[in-house]
Amino acid sequence: MPAAVDGPPRDESARRAVEAVWRMSSARIVGALARYTGDVDLAEEVAQEAVAQALVTWSRDGVPANPVGWLLTTARRRAIDGFRRRSALDERYALLAVPSADPSDDLPWDPDRIDDDVLALMFVACHPVLSPEARVALTLRAVGGLTSEEIARAFLVPVATVQARITRAKKTLGAARVPFALPPAEERRGRLGGVLSVLYVIFTEGSTATTGDSLLRPDLAYEAIRLARTLAALMPDEPEAHGLLALCELTAARFPARTGPDGEAVLLADQDRRRWDRSAIRRGLAALDRAAALGAAGLGPYGLQAAIAGCHAAAPSVPETDWEQIVLLYETLGRVAPSPVVELNRAVAVAMAQGPQQALAIVDDLVATDRLAGSHLLPGVRGELLGQLGRTAEARAELELAARLCRNARERAVLLRKAAALA
């Protein structure tokens with residue numbers, strides 16, 4: 001690294017290096033430290049202290065040859081100091097206090113256990129004792145390496161709210177004495193669903209933002225994809241890990257065509273499919289094939305949703321889409337993982353395959369059972385179907401209701417435009 005001629009360029013170079021190392025290796029760093037300290041909260045705390053120290057030291061001395069090793073060693077020393085201050089000279093301190101000769105070469109982990117550390121960190125961050133909001137925040141913070149500011153910006157909530165969720169999550173884990181370890185083999189598959197659910201929530205918020213002025217939050221979606229790839233690599237024999245990855249890849253492949261030049265939403269029928277990311281489609285289909293090969297009992301919920309996305313990816317246009325196949329997939333998904341949203345999506349597919357009248361019966365049943373109260377999705381779909389049936393006044397009222405309920409400005413604009421077209 002060339003010698004700096006003044007302060008700011010060297011400071012900026014160090015900052016970029018610290019950010020890059022942290023984004024790529026934060027899960028390994030925090031996971032390794034958590035295994036050695038037995039405390040996720042302490043591991044994250046000393047890791048952050050090491051990052052702060054790196055900004056100062058690397059600006060002065062340059063980026064070390066082994067920046068990850070430098071951060072690990074510095075963080076481990078901070079942990080030792082913390083144990084000393086607490087006079088906790090027990091077995092943990094003895095383990096941590098093994099002397100090191102060269103901070104750049106001293107890696108306080110067994111390379112054969114790196115994957116286990118990252119996987120354990122995922123399971124701990126998604127532990128069932130935590131609230132859903134806390135699991136998302138802690139996963140993005142501890143596993144994804146995002147700052148509280150980045151998480152807050154992604155979900156459009158105050159930074160203090162994110163910080164409170166993370167702090168509360170750590171305290172809950174401590175109070176519940178959740179160990180930093182992989183769940184026992186007999187519990188792992190059951191707990192895997194919780195991890196997949198968190199990644200799915202993160203991706204869904206990135207692919208269709210619930211609030212705000214942007215339809216997409218690509219940074220959040222791509223972070224979920226990165227974590228899904230990590231999970232699939234760490235659990236290569238779990239079909240639903242590959243199913244979720246396939247769903248994310250195939251959905252994200254449409255991102256380039258989903259918004260116009262000014263960020264406005266572009267409906268599926270109007271999208272330029274030449275702009276879809278063909279590399280992402282290939283990766284998604286490969287992950288879907290892997291999920292199908294591993295699933296002895298057939299595709300699971302994420303795999304079935306990925307298969308639906310695969311039908312869209314394979315079609316040259318909306319009319320040429322295999323809607324009958326999509327209807328069958330939604331029917332299967334409704335048996336495997338029933339939900340009102342699945343039924344609503346099935347109704348949309350039925351409308352395309354069999355006509356709006358059959359679809360309206362499904363939607364009206366959802367209205368009668370009040371299973372999507374407060375959601376803009378139900379009146380939005382009902383308004384579309386009524387419009388296709390020529391019931392213009394009812395359709396306009398439903399679309400206007402959907403617009404009032406919708407919290408995303410881009411989606412709201414689409415609904416109002418459709419309502420206006422029926423005037």
Side-chain angles (χ1 to χ4, degrees), residues 27 119 121-148 150-158 161-166 168-169 172-173 190-212 214-232 234-235 238 240-252 254-255 258 284 287 300-306 308-309 333 336-342 344-345 372 374-377 406-408 411:
L119 192 57
L121 190 60
M122 283 187 166
F123 274 101
V124 170
C126 300
H127 198 281
V129 299
L130 302 176
S131 70
E133 297 82 5
R135 293 180 210 171
V136 168
L138 188 58
T139 297
L140 288 172
R141 184 75 189 90
V143 187
L146 275 64
T147 65
S148 297
E150 288 173 321
I151 300 169
R153 190 163 55 248
F155 283 94
L156 299 184
V157 296
T161 299
V162 172
Q163 291 173 332
R165 288 174 182 172
I166 293 171
R168 190 159 53 248
T172 300
L173 291 172
R191 289 275 304 280
L192 175 62
V195 179
L196 293 170
S197 176
V198 168
L199 301 188
Y200 180 72
V201 167
I202 295 169
F203 178 79
T204 301
E205 184 61 30
S207 64
T208 304
T210 53
T211 59
S214 299
L215 180 69
L216 305 175
R217 292 178 189 158
D219 289 350
L220 197 59
Y222 290 130
E223 180 61 29
I225 291 175
R226 187 180 74 85
L227 294 174
R229 286 176 185 155
T230 299
L231 183 62
L234 296 176
M235 303 190 76
E238 289 294 341
E240 276 290 75
H242 297 281
L244 177 63
L245 177 57
L247 173 61
C248 294
E249 291 277 20
L250 291 166
T251 304
R254 302 201 293 266
F255 283 3
R258 282 188 61 200
Y302 297 113
L304 287 167
Q305 291 177 75
I308 293 166
L333 181 60
V336 173
S339 82
V341 173
V342 170
L344 187 62
N345 285 329
L372 275 172
S375 170
H376 71 282
L377 299 174
C406 182
R407 296 188 295 156
N408 183 280
E411 282 192 284

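Remember, it's a predicted structure, so these values are computed and weren't measured experimentally.
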Quiz item: Okay, side chain of Ser207, backbone of Thr204: is any donor-acceptor separation there less than 3.5 Å?
Solution: yes

Quiz item: Taking Glu411 for the side chain and Leu215 for the main chain, is one N or O donor matched with an acceptor at less than 3.5 Å?
Solution: no

Quiz item: Which distance, rounded to the nearest 0.5 Å, do you find between the CG of Leu250 and the CD of Gln305?
Solution: 11.5 Å

Quiz item: Does some side-chain heavy atom of Leu231 sit less than 4.5 Å from a side-chain heavy atom of Leu119?
Solution: yes

Quiz item: How close do Leu138 and Ala169 get, heavy atom to heavy atom, and via which atoms?
Solution: CD2-CB, 4.1 Å

Practice problem: Scan for salt bridge (Lys or Arg N to Asp or Glu O under 4.0 Å) pairs involving residues 126-141, sequence neighbours excluded, and state none if there are none. | Solution: Glu44-Arg141

Quiz item: After noting the C-alpha distance and the side-chain angles of Thr251 and Phe203, does the key distance pass the side chain to side chain contact (heavy atoms under 4.5 Å, CB included) rule?
Solution: CA-CA 10 Å; Thr251 304; Phe203 178 79; 3.8 Å; yes

Self-check item: Residue pair Val201 / Pro132, side-chain heavy-atom distance below 4.5 Å
Solution: no

Quiz item: Leu227 and Met122: which non-hydrogen atoms are nearest, and at how many Å?
Solution: O-CE, 3.5 Å

Quiz prompt | Min side-chain heavy-atom separation Leu140-Leu220 under 4.5 Å | solution = yes

Quiz item: Closest approach of Ala241 and Leu196, non-hydrogen atoms and distance?
Solution: CA-CD2, 3.9 Å

Exercise. Go through the structure and list residues passing ring pair (Phe, Tyr, Trp, His ring centres under 6.0 Å) with Tyr200, not counting sequence neighbours.
Key: Tyr302

Exercise. Not counting sequence neighbours, list each pair that qualifies as a salt bridge (Lys or Arg N to Asp or Glu O under 4.0 Å) and has a residue in residues 215-224.
Key: Glu205-Arg217, Glu223-Arg226

